[in-house]
There are 2 protein chains.
Amino acid sequence: MPSIPSKAQLMELLAHSVSTHYADFTTAAADMGLTSSQAKTLTVLRRAPASMRSLAVTLACDASNMTGIIDRLEKRDLVRREVSATDRRVKNVALTETGEKAIDTIRERMEQTQTGLDSLSDEERAELFRLLTVVFPR
Amino acid sequence: MPSIPSKAQLMELLAHSVSTHYADFTTAAADMGLTSSQAKTLTVLRRAPASMRSLAVTLACDASNMTGIIDRLEKRDLVRREVSATDRRVKNVALTETGEKAIDTIRERMEQTQTGLDSLSDEERAELFRLLTVVFPR
DNA sequence: CCTATTGTTTGATGTCTTCAAGCATCGAGT
DNA sequence: ACTCGATGCTTGAAGACATCAAACAATAGG
């Protein structure tokens, strides 16, 4: 019979977990010569191309901020800008093949997180998945 | 009978959860006029005073970086530097009362996370606590 | 068309981050 | 006590991040 943690305790553990995961991500990104902002941007683009604006919304930053980040990613051939066919104001940003590989590599290299998840059983993974879905709905 | 998520799916959900939590934290900090680095520093100090070096280790950044962060926090009376009694090279950093209040307020204002956790039952909170402890051991 | 809005970029300013270099202090060994 | 290497902190330089205000082009709705 597990004792029930207080909400404050859970908040604290959550903060710790987030910090650990974030540090893991940042380290893996740094190994590839990327900052965490750059790597986060690649993560967003992993699913689908996005306009500058929608990137800014997703990453919760100013649009002008994205200009610099995409500039630096584009200079390294990790993404490319394409003028939208339907609205010439809009620039859609897409991963290049190099960019895809980069973000995949970063995920693989998140060792702390990987080994942490490996120490769960299938049932536990399913339960963690369910609980996280409740706490952080999409 | 829940279907078992792939490890990749769980990694992805974890990334989403971390992003959400982190954004929540950053927003709450910004409401208080603090950057996330400053707020993170206050969080570390919440438990106990720490030297510049140990702060740098905990926050996984260069020691010289801490100098600037603590400079700005000190300028706003959120922390204070005290020369160690046992080693005059060392400066111990401690929260002021204002600093304590600031970090407490930030925690209270993390609404997304709060309401997310509120939607769990006691048993679910205990289970989430347990699972996170396994995945991200201290 | 005219006008308000939207998407992006630019420039200014401040913060973050790292690196190399510097100074002060400590500690171990002589 | 003295030297010397290690340690703790700060400074300066350079690049990245972040936000704001302002500019510009293009769109959308009247």
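In this text, all values refer to a predicted model and were calculated from it rather than measured experimentally. Just so we're on the same page: letters track the sequence lines, and every chain starts at 1.
An OP1 or OP2 oxygen of dC26(C) is reached within less than 4.0 angstrom by a side-chain nitrogen or oxygen of R88(B). Residue R53(B) places at least one side-chain N or O closer than 4.0 Å to OP1 or OP2 of dG8(D).
Between D104(B) and R46(B) there is a salt bridge, with a side-chain nitrogen of the basic residue lying less than 4.0 Å from a carboxylate oxygen of the acidic one. Between R81(B) and E74(B) a salt bridge is recorded (basic side-chain N to carboxylate O distance below 4.0 Å). Between E127(B) and R130(A) there is no salt bridge, since no side-chain N of the basic residue sits under 4.0 Å from a carboxylate O of the acidic one.
Sorted by residue number, the list of members of residues 39-52 of chain A with any non-hydrogen atom under 4.0 Å from DNA chain D is empty. Only C61(A), D62(A), S64(A), N65(A), I69(A), R72(A), listed by number, bring a heavy atom of residues 58-81 of chain A to less than 4.0 angstrom from any atom of DNA chain D.
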T98(A)/D77(A) under side chain to side chain donor-acceptor pair (under 3.5 Å): CA gap, chis, key distance, verdict: CA-CA 7 Å; T98(A) 322; D77(A) 261 317; over 6 Å; no

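The distance from atom CD of E82(B) to atom P of dG8(D) is 19 Å, rounded to the nearest whole Å. One interatomic measurement links the two molecules: NZ of K91(A) to P of dG7(C), which rounds to 14 Å at whole-angstrom precision. Atom CG in N92(A) sits about 18 Å away from atom P in dT6(C), given to the nearest Å.
Judged by distance alone with a 3.5 Å cut-off, a donor-acceptor contact links the side chain of R89(A) to the base of dT6(C).
Classified by interplanar angle (parallel below 30°, tilted 30° to 60°, perpendicular above 60°), the ring pair Y22(A)/Y22(B) is parallel.
Across the interface with DNA chain C, nearest-nucleotide mapping of T86(B) and S36(B) shows S36(B) to be the residue nearer the 5′ end.
Side chain of E108(B) to main chain of T105(B): no donor-acceptor pair is present (N/O by atom type, distance under 3.5 Å, no hydrogens or angles). R109(B) contributes no side-chain N or O that, together with a main-chain N or O of A28(B), makes up a donor-acceptor pair within less than 3.5 Å.
Rounded to the nearest 0.5 Å, atoms NZ (K40(B)) and OG1 (T43(B)) are 9.5 Å apart.
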